[in-house]
Protein chains: 2
Amino acid sequence: MERYGPACAAVAALLSPHAEVVLHDPAEDVVLAVWNPFSGRAAGDPSLLGELDELEPGADGVLGPYPKVLADGRTLTSVTALLREPDAVMCVNLDRGPFEQAAALLSAFAAPARPRPEPLFEHDWFDRVNGVVGSAVRQRGPVQRWGKAERLAVLSELDSAGVFAVRRAAPEVARALQVSRSTVYALLAELRGEKS
Amino acid sequence: MERYGPACAAVAALLSPHAEVVLHDPAEDVVLAVWNPFSGRAAGDPSLLGELDELEPGADGVLGPYPKVLADGRTLTSVTALLREPDAVMCVNLDRGPFEQAAALLSAFAAPARPRPEPLFEHDWFDRVNGVVGSAVRQRGPVQRWGKAERLAVLSELDSAGVFAVRRAAPEVARALQVSRSTVYALLAELRGEKS
DNA sequence: GTCTGAGCTGGACGTAGTGTCCAGCGCGTG
DNA sequence: CACGCGCTGGACACTACGTCCAGCTCAGAC
């Protein structure tokens, strides 16, 4: 308690008022302390840690993050740290609500209400290629700077999306990836050769 | 131009730097002016408004909002206003990227990682053909009883769904319709000949 | 600097799939 | 019965696909 208290308080302070930190004593199955409480629990309550048995802790002694729902409907994201010598369990419960609301607000502001009325895909697959390449661009930087690994990854995605089943797809993909048609087939062969 | 310019400029200024406003002359199919340009178009370029024909304008003369993807991967949300007397078309293209990034940031921060499945359509089009033919069968009776009109109708549906843009589609459609490949092309030619 | 290999390129080439054409055939109609 | 419409299977030219290869560039090793 004296050992871990400041760490818990620090986490709680950092994420206040959206996170609650609970320190448990697994030996006594009792709550040692709660910082910034909003789930109704208090020091001295039973821990009810049994539910954690289902989860496998990672090599670093961390469980989760995993989702939780409070009785009042609030959604939480939680992580649990297993502490040793002395044994303790630290749970951080983050109220996801405000973040989800903000994300929804931003999405609603900038996203079209009707993404795709009819999945007619003649003209659509063109956008699909641009879409896949585009999201990869956002994730990995400009196309010109890509290496073989990036191209392989994007091609794999396009291939498993079935893009190459449509006519004239290969040249278009080559254009979007800014490589030659030959290279597209070369990478594709490499991809499918290793897969099977 | 003198009439609508200030309105376009106002919209561009409000959303700057994330929105581009393009004023078109539909009669000449030419771009009259661009405020805050980022799509590379400039005054005097051809409008290429043909793509808008597919969309039905609302009662208020507004098309969209609808999604768009630039070649460099940026995602846009666009709305188009049809202006009368004098005729003009105003397009507002909002760069959705920053908003999506912010939303993704918030989501990633508070949400447990959740992989996103890509909708694949390779095997889908096969079912699509069977689906269209199947619903037509339910509506018009067994395939063997169909006359030219029925086949034309179903073919039109499949064609406008873009099925024939995918490889090996024609033989498969012929099989589903229980006609020869030649007939498929014959009917298709008839269909497209009358349309234009 | 030179060497070397990995990776991309443009072009050539064989093949699969596409789209057109036509003689032939069944079938309903005048 | 002759006629014509619509479908058929086959032939054909052509496009697009997928493979192959010599040559180029470039980065890293020596």
Side-chain angles (χ1 to χ4, degrees), chain A residues 121-126 128-129 132-133 136-137 140-196, chain B residues 71 120-126 128-130 133 136-137 140-196:
Chain A
F121 56 5
E122 176 187 10
H123 213 265
D124 179 58
W125 73 266
F126 220 89
R128 174 94 56 128
V129 173
V132 172
V133 174
V137 162
R140 307 163 190 265
V143 186
Q144 293 85 347
R145 285 276 162 262
W146 286 5
K148 191 176 182 180
E150 281 79 8
R151 286 195 265 264
L152 275 175
V154 174
L155 269 185
S156 170
E157 197 171 339
L158 288 170
D159 187 27
S160 62
V163 166
F164 293 100
V166 20
R167 312 189 64 213
R168 268 158 300 175
E172 168 61 17
V173 169
R175 197 194 56 74
L177 257 53
Q178 299 191 16
V179 295
S180 71
R181 201 174 61 96
S182 307
T183 305
V184 169
Y185 284 117
L187 297 176
L188 225 38
E190 190 171 334
L191 207 54
R192 309 211 238 231
E194 289 175 1
K195 193 175 292 179
S196 63
Chain B
L120 54 98
F121 66 164
E122 177 184 10
H123 288 347
D124 183 59
W125 74 267
F126 222 90
R128 173 97 53 132
V129 173
N130 288 332
V133 173
V137 162
R140 304 165 192 264
V143 188
Q144 294 85 347
R145 291 277 178 78
W146 287 3
K148 191 176 181 178
E150 281 80 7
R151 286 196 265 263
L152 274 175
V154 174
L155 267 187
S156 169
E157 197 172 338
L158 288 170
D159 187 26
S160 62
V163 167
F164 294 99
V166 12
R167 311 190 64 212
R168 270 158 302 179
E172 169 62 16
V173 169
R175 196 194 55 75
L177 257 52
Q178 301 191 14
V179 294
S180 71
R181 202 174 61 95
S182 306
T183 305
V184 169
Y185 283 118
L187 296 175
L188 226 37
E190 190 171 333
L191 206 54
R192 310 211 240 231
E194 288 175 0
K195 191 174 292 181
S196 64

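Numbered from 1 within each chain, the chains take letters A, B, ... in sequence-line order. Just so it is clear, the model here is predicted, and its values are computed rather than measured.
Contact record, Val163(B) with Val166(B): O-CG1, 2.8 Å, taken as the closest heavy-atom pair. Taking every heavy atom of both residues into account, Leu155(A) and Val184(A) meet most closely at CD1-O, 4.0 Å.
Taking side-chain N and O atoms only, Ser182(B) has no distance below 4.0 Å to OP1 or OP2 of dG9(D). Within the 4.0 Å cut-off from OP1 or OP2 of dT15(D), not a single side-chain nitrogen or oxygen of Arg167(B) is found. The side chain of Arg151(A) contributes an N or O atom lying less than 4.0 Å from OP1 or OP2 of dC8(C). OP1 or OP2 of dT8(D) lies within a sub-4.0 Å distance of a side-chain N or O belonging to Ser180(B).
Following rounding to the nearest Å, Arg168(B) (CZ) and dC17(D) (P) show an atom-to-atom distance of 11 Å. Between Lys148(B) atom NZ and dT8(D) atom C1' there is a gap of 15 Å when expressed in whole angstrom units. Nucleotide dG19(C) holds its P atom 17 Å from the CD atom of Glu190(B), rounded to whole Å. Atom OH of Tyr185(A) and atom C1' of dT15(C) are 12 Å apart (whole Å). Atom CZ in Phe164(B) sits roughly 18 Å away from atom P in dA16(D) (whole-Å rounding). Following rounding to the nearest Å, Arg181(B) (CZ) and dG10(D) (C1') show an atom-to-atom distance of 10 Å. Atom pair Leu152(B):CG and dC5(D):C1' shows a separation of 14 Å (rounding to whole Å applied).
Atom-to-atom distance recorded for Leu187(A):CG and Asp159(A):CG is 11.5 Å, nearest 0.5 angstrom.
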